[in-house]
There are 2 protein chains.
Amino acid sequence: MDEFSFIDLIKQKTYRQPSIIRGIGDDAAVFRQSSQDIVTAVDTFVEDVHFSRSTMSPFHIGYRSLAANISDLSAMGAKPAFYLVSIVIPSSWKEDDLDGLYKGMADLGAAYQMDLIGGDTVSGNELALSITVIGFVNSDKVRYRHTAKPGDVVFVTGTLGDSAAGFHILTNPGEYLDQAYYSRRHRMPTIRVDFASELENLSRVTLNDISDGIANEANEIAEDSHVNLTVYEEKLPVSQNYNQFPESQQSKWQLYGGEDFELLGTVPSQDWDELKDIADRTQTPVTEVGYVSKNTDNGHYVWLVDRQQTNKLLEKKGYTHLK
Amino acid sequence: MDEFSFIDLIKQKTYRQPSIIRGIGDDAAVFRQSSQDIVTAVDTFVEDVHFSRSTMSPFHIGYRSLAANISDLSAMGAKPAFYLVSIVIPSSWKEDDLDGLYKGMADLGAAYQMDLIGGDTVSGNELALSITVIGFVNSDKVRYRHTAKPGDVVFVTGTLGDSAAGFHILTNPGEYLDQAYYSRRHRMPTIRVDFASELENLSRVTLNDISDGIANEANEIAEDSHVNLTVYEEKLPVSQNYNQFPESQQSKWQLYGGEDFELLGTVPSQDWDELKDIADRTQTPVTEVGYVSKNTDNGHYVWLVDRQQTNKLLEKKGYTHLK
């Protein structure tokens, strides 16, 4: 199949976004957005670095890669609108595999009314998938990392450590409880699009998505906001039967596991109830896990109160890819 | 050097575009554009497929890759504003090489007041550079391929075949006239940003950029506009001393050579003089090379009148990458 027929194959028959003017088919795509700000990010995923076909089907690879990108938009409070896909294709990837990969993206894209508006397909020796996402957000409702203030409640959505647990199951075959659930959390992570977008009713929310682990993301908020964060380990939410996994791993996966694509945020304590209402409305589990305090010596620290009630510095280290 | 220090290195200290709200440093970049339409495209370049380090320095690779992307925006009549760079880095690329690559992009970007607003750096086995460009254009001035009409003048900017000639020089060492000129045309192609943008004064212009060769791009216009195009081979503009190259190649490079990143367009004949004025103002050589006619049997053909005055069908075939 040549490049042109492949493009015909992946090209949407109709577009969903009202702002689209021209999708795939000319030198570039065109859209119009006069009332909201435009948010954009790009992420690249390389075979055997970011994913392996031994644990993921092409469909999962496409789905999870786009999910990771949409998650960046959610972390800005933006609603996803468009994506562009650039892909380096090795000869080991056959037409069916590529079809699966694009279906994975198309499935998730459709769930959020996104349109595929551009891309490039080139040949090479290893599969590299590069996705650019574009989303919209009301002008004064962009959610940055630098807006946390002392007294804020620190919260997370969903549960932590599931993606690493799912990867563990997929790479260490055996008998596990909720095996399908954990595998799915790894391959098809839940993203928090509606919750993030509905937060626009609040005057101030600080958001970061958990792609490298809460230790890393909490430190990013602390650094950018010039504050300290304190997180209680025993408050970190876990899924049912999470305690079946090796005890040495449980805490590690939660703190440094990454790729859960849940949101870590801070909100003024007086808005906490309203945030919980929004969470309920969008069927999003949220858990208060700590608080923001002043940095007293101009440092910015993340403190973890562990299960023994010991205060430990939670260092900025995160997920290391599968290589 | 880890990913974070590398990002610090490539991050611009200040931004040039008035529409920028937030550049590199959060989960995504943010900009505002309420008065113009937004145009976006992505292209990927793989080492030893799209370029080779034997003929290009890292600086050239960066420069030409961004040029190719900006050229897509020009072909839409849009002014470049932003770019995002995603790169897969193999261990064979050292810090200095990467620095050169980003400098090549930064140099060209600065020339057009562009801002680097996002990206991703990941490791892998082969260098793959994926660039997303974003530009702006007045709403009714997007230049598509489907608007050519019978009676239009067909024109090209600059000269054709130079990039292939430059590649020939770089891969077949010997004595050539204007060696530096041709090498530069291959490595640092001229793009037609100002000309394309100033065309907004005209009511209708059809544009396509010559990335795969005029044969391919003329056919795209014919297909999308449901017209025929006639191009005179003897009118195709060439650079000085182009006739020094093997006679068998001269015509081939002009028609199918590709990567010249000149513009191919059509314009109503009554607007031809005004277009030439714009070309003068923006110091852009333009040449009338043919005309648009009605497709009489519902086909869409590109006819080449060759040097023997024979009418030949110019087929849609283009540049095949260096593999």
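No hydrogens, no waters, no symmetry mates; every other heavy atom, side chains included, goes into these values.
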Asks: Roughly how far, to the nearest 0.5 Å, is CD of B/E126 from CD of A/E126?
Replies: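 A/E126 CD to B/E126 CD: 5.5 Å, rounded to 0.5 Å.
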Asks: Does the side chain of B/V142 reach to within under 4.5 Å of the side chain of A/R22, using non-hydrogen atoms?
Replies: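 No, every pair of side-chain atoms sits at 4.5 Å or beyond.
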Asks: Using a strict cut-off of less than 4.0 Å between a Lys/Arg side-chain nitrogen and an Asp/Glu carboxylate oxygen, indicate whether B/D27 and A/R145 qualify as a salt bridge.
Replies: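 Salt bridge: yes.
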Asks: With a 4.5 Å cut-off on heavy-atom pairs, point out which of B/G25, B/A41, B/A29 contacts chain A the most.
Replies: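 Among B/G25, B/A41, B/A29, the one with the most close pairs to chain A is B/A29.
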Asks: Would B/S34 and A/S34 count as having a side-chain donor-acceptor pair, cut-off 3.5 Å?
Replies: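 Note: B/S34 and A/S34 side chains miss the donor-acceptor criterion.
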Asks: So which heavy atom on B/V122 is nearest to which on A/V46, and how close?
Replies: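 So the two residues come closest at CG2-CG2, 3.7 Å.
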Asks: Counting only heavy atoms closer than 4.5 Å, note whether B/I134 contacts chain A via side chain, backbone, both or neither.
Replies: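 For B/I134, the contact with chain A is made by the side chain alone.
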Asks: First locate atom OG of A/S130, then atom CG of B/D43, and finally report the distance between them rounded to the nearest 0.5 Å.
Replies: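 That separation rounds to 11.5 Å.
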Asks: Inspect the surroundings of NZ in A/K79 and state if more than 12 heavy atoms from other residues, nucleotides or ligands are less than 6.0 Å away.
Replies: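 Incorrect, the count does not exceed 12.
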Asks: Any side-chain heavy-atom pair from B/V49 and A/S123 closer than 4.5 angstrom?
Replies: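 Yes. Closest side-chain heavy atoms under 4.5 Å.
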Asks: Among the options B/S19, B/G135, B/A78, B/G124, pick out the one with the most heavy-atom pairs lying under 4.5 Å from chain A.
Replies: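 Result: the option with the highest number of such pairs is B/G124.
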Asks: As an exercise: rank B/L73, B/V137, B/D72 by heavy-atom pairs under 4.5 Å with chain A and give me the winner.
Replies: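 Heavy-atom pair counts peak at B/D72.
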Asks: Taking only residues two or more places apart in sequence or in another chain, which ones pass ring pair (Phe, Tyr, Trp, His ring centres under 6.0 Å) with B/H146?
Replies: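 Once residues adjacent in sequence are excluded, the partners of B/H146 under the ring pair (Phe, Tyr, Trp, His ring centres under 6.0 Å) criterion are B/Y144.
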Asks: With a 4.5 angstrom heavy-atom cut-off, could you sort out which part of B/S35 is near chain A: side chain, backbone, both or neither?
Replies: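 The answer is neither part of B/S35.
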Asks: With chain A, which of B/S74, B/S71, B/S139 has the greatest number of heavy-atom pairs at distances under 4.5 Å?
Replies: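 It is B/S139.
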Asks: Does anything in residues 80-88 of chain A reach chain B? List residues with heavy atoms under 4.5 Å apart, or say none.
Replies: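 Residues A/L84, A/S86, A/V88 are the ones that qualify, each having a heavy atom under 4.5 Å from chain B.
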Asks: Heavy-atom cut-off 4.5 Å, strictly under: side chain, backbone, both or neither for B/T40 against chain A?
Replies: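 Contact with chain A: backbone and side chain both.
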Asks: Please classify the contact of B/N208 with chain A as side chain, backbone, both or neither, using a heavy-atom distance under 4.5 Å.
Replies: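 Answer is both: backbone and side chain atoms of B/N208 are under 4.5 Å from chain A.
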Asks: For chain B, which of A/L207, A/I21, A/D224, A/I38 has the most heavy-atom pairs under 4.5 Å?
Replies: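 Among the listed options, the one with the most contacts to chain B is A/I38.
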Asks: When heavy-atom pairs shorter than 4.5 Å are enumerated against chain A, which of B/V42, B/V133, B/D26 gives the highest number?
Replies: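 Most heavy-atom pairs under 4.5 Å with chain A: B/D26.
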Asks: Please state whether the side chain, the backbone, both or neither of B/A128 comes within less than 4.5 Å of a heavy atom of chain A.
Replies: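 Contact with chain A involves the side chain of B/A128 alone.
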Asks: To the nearest 0.5 Å, what is the distance between CG on A/D48 and CG on B/N125?
Replies: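 Separation between the atoms: 8.5 Å.
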Asks: Is B/V30 close to chain A through its backbone or its side chain, or both, or neither, when contacts mean heavy atoms under 4.5 Å?
Replies: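 For B/V30, backbone and side chain are both near chain A.
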Asks: State the CD-CZ distance between A/Q36 and B/R32, to the nearest 0.5 angstrom.
Replies: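 The distance works out to 11.0 Å.
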